Chemist: 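Sending over a structure as structure tokens; questions will come in a sec.
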Amino acid sequence: MRSVFLRDNRERMYGENELRFLIVLTLLIWAKFFMLDYIIADVLDWPTFGSFRHHVLRHASRALAVSVPSLGAILCFVVPFSLLGPGLRGRALVLLNFLLSLLALTDSLFIRYYTDVFVFRDIMLLPQTGLIAKSIWSLLKPYDLLLFIDIPVMLWFFHGDKLLVTFRPVAKKRLLVSVLILIISISVQGGAAWRLVQQRPNVVNAMYDRLSICAWVSVSSFHWGDVLSGVARIANAGEKPGALIAEIGDWFLAHYDPNPNPVAAGKNLIIIQSEALQQFVVGLTILGQEVTPNLNRFKNECLYFPNTWGQTAGGHSADAEFMTNTGLFPAANGVAYTLYADNDFNSLGRVLRARGYTNVAIQGTERAFWNCHRMYPQLGFHAQYSRNTYPNDEVIGLGLSDRAIFDRSLEIFDSLREPFYAFVVTLSSHHPFDFEGLDDGSFILPDELKDTLIGHYLIAIHYYDREFGRFIDALRANGMLEKSLVVVYGDHPAIPIAYQKELELLLNEPLHTPMTWRETKKIPLMFRVPGELQARGEDTADAGQMDVLPTISGLMGLEIKTVFGRDLLAGNKESPVIFRNGSYVTEGVYVEPGVKRASVLEVRQEIESAYYDQLTDEVERQLLYNDAILDKNLMENILIRLR
């Protein structure tokens with residue numbers, strides 16, 4: 001009798017310990033994602049809970065506001081695992097904790113570098129992580145280990161003498177309670193999503209303003225939504241609705257603004273996409289030294305747009321290439337180069353190829369990086385030159401040095417039949433900017449910038465500028481410069497938000513608000529038109545990377561209508577510069593629909609956002625059209641409509 005009593009007590013104790021263990025595990029995982037919700041609140045700096053003057057209290061309150069759906073999302077992971085067989089349950093829960101900790105770390109790295117969160121379609125980028133391992137490593141912080149510190153404790157929980165956990169078979173009562181918990185967990189997440197739908201229905205459908213979605217429903221709930229969105233996308237992939245094709249085609253026709261004076265028609269086209277080149281370095285001097293002396297001179301020969309906003313998303317360099325060559329926005333989730341390499345595009349290369357041009361892409365990375373080896377043929381390129389083509393050339397960082405890229409470009413140009421289109425992508429100034437071979441000692445940094453990311457960046461850009469200057473001088477000497485339209489732009493912002501304080505010291509201004517941080521993401525954009533009567537001068541109107549292709553089309557008389565940007569030299573000066581998250585700049589005002597905030601950039605003052613509601617609807621329409629074109633591969637159908 002006594003042995004039965006002891007066995008019953010022992011089983012009760014083990015059952016209670018398992019329950020405690022599951023509760024502790026759930027709270028530990030919740031704490032990790034609470035940290036992410038806090039970080040996102042800090043990045044967005046929403047005025048919600050603005051009554052708290054101290055930002056820590058304000059952002060913590062914002063994170064707590066989504067703590068219930070966050071807990072619900074985590075329970076949707078933990079509860080199914082807790083119903084596994086007793087022999088498998090413990091190991092499975094440890095694995096779940098590790099995977100969710102890894103997801104939290106990945107989100108943290110994405111926020112630090114991209115100011116965005118991870119989506120599961122980004123798994124397709126895993127093959128190239130080895131090449132950018134140094135960049136990833138530089139983003140890691142010692143305190144990131146805290147995300148995994150509980151896992152050894154969990155193992156001790158199973159095997160220690162003081163805290164013993166024994167998993168028992170699942171009884172019917174426990175199964176019913178688990179189902180009830182899942183129903184409640186799904187309901188609270190659904191309620192949070194419903195509130196968001198009332199405010200911004202298109203955002204939930206397209207999942208493009210990811211940080212705002214996280215701020216409404218929590219990071220952990222967002223990831224469940226990401227999974228459901230992917231399933232829905234796969235289920236509807238085959239549909240090609242005729243009404244939508246007609247609607248998009250009519251939109252393109254209505255917004256096409258031809259340039260009546262194509263001054264570069266029939267000329268060669270040379271586009272230089274410059275790695276991590278930001279606007280603030282153009283004209284910048286350090287200790288009396290110009291960071292970009294060659295660009296400073298070159299811009300005086302160009303149509304120069306200093307207020308050009310970077311519009312890349314999670315694909316960075318690949319997104320910049322995609323916008324320039326297609327006139328389409330980056331993908332809402334993932335990277336267009338990896339997701340849509342089998343799509344049809346009305347690309348710059350395709351149109352030029354039809355006009356007898358020879359098209360080549362010249363890059364420093366290996367040919368498969370960003371899936372370029374599959375994407376370039378789809379974009380109309382005849383040939384791709386890469387590190388694989390020149391395995392014995394000088395290497396700096398991730399691939400061929402900028403010197404090697406520019407020298408090989410000159411050789412390739414000499415071998416091409418004119419007219420040609422050359423798309424040249426530089427590489428040496430890639431994050432983290434401290435690769436051996438960049439610093440030859442000629443550019444002197446002040447002590448406070450030595451051994452900092454900003455200091456390394458300035459040296460890397462100075463190296464790029466030196467090689468760019470050699471390249472332009474060679475084009476001038478061989479006469480190619482006066483036979484070519486040359487376009488130069490930076491591909492994406494260089495400085496991750498994790499280094500905001502360092503950039504504030506360099507620029508000597510605060511950058512803590514979303515508006516001021518967004519301003520640092522401007523890139524230089526230059527069009528050098530050949531000929532004695534070449535157009536030149538500085539235009540301070542707001543522009544974007546989406547405007548590169550339509551402006552080239554206007555200058556060369558290509559009549560490409562399927563673009564969402566605008567020809568900077570034609571009319572329609574009031575067209576907004578649209579970012580992938582749905583925010584935009586229009587006539588000097590930065591509008592953030594997710595928080596219903598509008599700010600005048602010049603004076604950095606908030607104004608009434610309701611005035612822009614109609615324009616916000618148009619912005620969301622363009623993003624939805626773009627995503628339909630990509631997801632359903634509609635371009636050929638639209639072109640038939642436009643003929």
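Just so you know, these numbers come straight off a predicted model, no measurement behind them. These values consider heavy atoms only, across backbone and side chains, with no hydrogens, waters or symmetry-generated copies.
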Chemist: Between Tyr584 and Phe579, is the ring centre distance below 6.0 Å?
Modeler: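 Here the rings of Phe579 and Tyr584 have centres that are no less than 6.0 Å from each other.
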Chemist: About how many Å separate CG of Asp226 and CZ of Phe118, when rounded to the nearest 0.5 Å?
Modeler: 8.0 Å
Chemist: Please check: side-chain N/O of Ser583 versus main-chain N/O of Glu592, any donor-acceptor pairing under 3.5 Å?
Modeler: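 Not a single qualifying donor-acceptor pair exists.
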Chemist: Looking at residues at least two apart in the chain, or sitting in another chain, which of them share a ring pair (Phe, Tyr, Trp, His ring centres under 6.0 Å) with Tyr376?
Modeler: Phe381
Chemist: Considering non-hydrogen atoms only, spot the tightest contact between Pro330 and Asn626 and give its length.
Modeler: O-ND2, 3.7 Å
Chemist: Is Lys141 close enough and on-axis enough to Tyr499, meaning under 6.0 Å and within 45°, for cation-pi?
Modeler: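 Output yes; distance and angle both within limits.
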Chemist: Atom CG of Asp627 and atom CG of Leu328: how far apart are they, to the nearest 0.5 Å?
Modeler: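 Result: 10.0 Å between the selected atoms.
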Chemist: Answer whether the closest heavy-atom distance between the side chains of Val282 and Asn296 falls below 4.5 Å.
Modeler: yes
Chemist: Just to verify, what does Arg518 make a salt bridge (charged side-chain N to carboxylate O under 4.0 Å, His left out) with, not counting sequence neighbours?
Modeler: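 Here no residue qualifies.
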Chemist: Apply side-chain contact (heavy atoms from CB on, under 4.5 Å) to residues Phe298 and Met526 and explain how you reach the verdict.
Modeler: CA-CA 9 Å; Phe298 183 73; Met526 307 172 192; 3.8 Å; yes
Chemist: Can you sort out the partners of Asp434 under salt bridge (charged side-chain N to carboxylate O under 4.0 Å, His left out), two or more places apart, ordered by chain and number?
Modeler: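 Once residues adjacent in sequence are excluded, the partners of Asp434 under the salt bridge (charged side-chain N to carboxylate O under 4.0 Å, His left out) criterion are Lys134.
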Chemist: Is it the case that Asp631 and Tyr340 place a side-chain donor and acceptor less than 3.5 Å from each other?
Modeler: yes
Chemist: Taking only residues two or more places apart in sequence or in another chain, which ones pass side-chain contact (heavy atoms from CB on, under 4.5 Å) with Val589?
Modeler: Val591, Ala598, Val600, Ile607, Tyr612
Chemist: Once ring pair (Phe, Tyr, Trp, His ring centres under 6.0 Å) is applied, do any residues pair with Phe433, and if so which ones, sequence neighbours excluded?
Modeler: His431, Tyr457
Chemist: Are the side chain of Thr426 and the backbone of Glu275 linked by a donor-acceptor contact shorter than 3.5 Å?
Modeler: yes
Chemist: So Ile454 and Glu448, side-chain contact (heavy atoms from CB on, under 4.5 Å) or not? Walk me through it.
Modeler: CA-CA 10 Å; Ile454 297 294; Glu448 62 270 20; over 6 Å; no
Chemist: Calculate, to the nearest 0.5 Å, the distance between atoms CD1 and OG belonging to Ile39 and Ser108 respectively.
Modeler: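 Ile39 CD1 to Ser108 OG: 5.0 Å, rounded to 0.5 Å.
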Chemist: Are the side chains of Val43 and Leu211 in touch, meaning some heavy atoms are under 4.5 Å apart?
Modeler: yes
Chemist: Using a 4.5 Å cut-off on heavy atoms from C-beta on, say whether the side chain of Phe423 contacts that of Ile362.
Modeler: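 The answer is no; the side chains never approach within 4.5 Å.
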Chemist: Apply side-chain contact (heavy atoms from CB on, under 4.5 Å) to Tyr463 and Asp439, showing your working.
Modeler: CA-CA 7 Å; Tyr463 165 85; Asp439 188 3; over 6 Å; no
Chemist: Distance-only, no hydrogens or angles: does the Asp542 side chain make a donor-acceptor pair with backbone N or O of Thr308 under 3.5 Å?
Modeler: no
Chemist: What are the two closest non-hydrogen atoms of Pro524 and Tyr304, and how far apart are they?
Modeler: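 Shortest heavy-atom separation between Pro524 and Tyr304 comes out as CB-CE1, 4.4 Å.
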Chemist: Assign the ring pair Phe322 / Tyr337 to parallel, tilted or perpendicular, where the plane angle (0 to 90°) is split at 30° and 60°.
Modeler: perpendicular
Chemist: Got Val395 and Ser401 here, is their nearest side-chain heavy-atom distance under 4.5 Å?
Modeler: no
Chemist: Quiz question: by atom type and distance under 3.5 Å, do the side chains of Ser428 and Tyr464 form a donor-acceptor pair?
Modeler: no
Chemist: Can you list the residues that meet the side-chain contact (heavy atoms from CB on, under 4.5 Å) rule with Val487, with sequence neighbours excluded?
Modeler: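 With neighbours one apart ignored, the set is Leu269, Ile271, Leu485, Tyr489, Leu525, Phe527, Val548, Ile552.
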Chemist: Just by distance, do the side chain of Ser274 and the backbone of Leu277 share a donor-acceptor pair under 3.5 Å?
Modeler: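 Not a single qualifying donor-acceptor pair exists.
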Chemist: Check whether the side chains of His223 and Asp107 place a donor and an acceptor atom closer than 3.5 Å, and report yes or no.
Modeler: yes
Chemist: Measure the CG-CG distance between Leu100 and Leu105 for me, rounded to the nearest 0.5 Å.
Modeler: 12.5 Å
Chemist: Shortest non-hydrogen contact from Gln545 to Ala320?
Modeler: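 Of all heavy-atom pairs spanning Gln545 and Ala320, the closest is NE2-CB, 3.7 Å.
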Chemist: Keeping the roles fixed (side chain from Asn307, backbone from Ala543), state whether a donor-acceptor pair exists under 3.5 Å.
Modeler: no
Chemist: Let me know which of Ile461, Asp440, Asp402 forms a side-chain contact (heavy atoms from CB on, under 4.5 Å) with Arg466.
Modeler: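 Among Ile461, Asp440, Asp402, the one meeting side-chain contact (heavy atoms from CB on, under 4.5 Å) with Arg466 is Asp440.
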Chemist: Please identify each residue that fulfils side chain to side chain donor-acceptor pair (under 3.5 Å) with Asp491, with sequence neighbours left out.
Modeler: Ser317
Chemist: Side chains of Pro493 and Thr520, heavy atoms from C-beta outward: is any pair under 4.5 Å?
Modeler: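 The answer is no, as the side chains (C-beta and beyond) never meet within the 4.5 Å cut-off.
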Chemist: Tell me if a side-chain donor or acceptor on Gln273 pairs with a main-chain N or O of Glu321 at a distance below 3.5 Å.
Modeler: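 Yes, Gln273 side chain to Glu321 backbone: donor-acceptor pair under 3.5 Å.
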Chemist: Counting only N and O atoms by type, is there a donor-acceptor contact under 3.5 Å from the side chain of Ser220 to the main-chain atoms of Ser70?
Modeler: yes
Chemist: Determine which pairs satisfy salt bridge (charged side-chain N to carboxylate O under 4.0 Å, His left out) with at least one residue from residues 142-153, sequence neighbours left out, and list them in order.
Modeler: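 Output for this query lists Lys32-Asp150, Arg112-Asp144.
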Chemist: For residues Val188 and Gly72, report the shortest heavy-atom separation together with the two atoms involved.
Modeler: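 Looking at all heavy atoms of both residues, the shortest contact is CG2-CA, 4.3 Å.
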Chemist: Hey, could you give me the CD1/CD1 distance between Ile286 and Ile444, rounded to the nearest 0.5 Å?
Modeler: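 Ile286 atom CD1 to Ile444 atom CD1 measures 12.5 Å (nearest 0.5 Å).
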Chemist: Can you tell me if Ser599 uses its side chain to pair, donor with acceptor, with the backbone of Leu601 under 3.5 Å?
Modeler: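 Flag not set: sc Ser599 to bb Leu601 has no pair under 3.5 Å.
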Chemist: List for me each residue that meets ring pair (Phe, Tyr, Trp, His ring centres under 6.0 Å) alongside His492, sequence neighbours excluded, and say none if there are none.
Modeler: His316
Chemist: Any chance you could lay out the side-chain contact (heavy atoms from CB on, under 4.5 Å) test for Val78 and Ile74, step after step, and finish with the verdict?
Modeler: CA-CA 6 Å; Val78 174; Ile74 292 162; 4.0 Å; yes
Chemist: Apply ring pair (Phe, Tyr, Trp, His ring centres under 6.0 Å) to Phe435 and list each qualifying residue two or more places apart in sequence or on a separate chain.
Modeler: none
Chemist: Answer yes if the side chains of Asp465 and Asn294 hold a donor-acceptor pair under 3.5 Å, and no otherwise.
Modeler: yes
Chemist: Look up atom CG in Leu505 and atom CD in Gln500, then write down how far apart they are to the nearest 0.5 Å.
Modeler: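 Atom-to-atom, Leu505:CG and Gln500:CD are 11.0 Å apart.
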Chemist: Any non-hydrogen side-chain atom of Val291 less than 4.5 Å from a side-chain atom of Thr285?
Modeler: no
Chemist: List for me each residue that meets salt bridge (charged side-chain N to carboxylate O under 4.0 Å, His left out) alongside Arg604, sequence neighbours excluded, and say none if there are none.
Modeler: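 Listed in chain order: Glu509, Glu519.
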Chemist: Testing the 3.5 Å rule here: is there a donor-acceptor pair between the side chains of Ser221 and Gln189?
Modeler: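 Yes, Gln189 and Ser221 have a side-chain donor paired with an acceptor closer than 3.5 Å.
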Chemist: Under the salt bridge (charged side-chain N to carboxylate O under 4.0 Å, His left out) test, which residues partner Glu467, sequence neighbours left out?
Modeler: Arg403, Arg470
Chemist: Does the ring centre of Phe77 sit less than 6.0 Å away from the ring centre of Trp224?
Modeler: yes
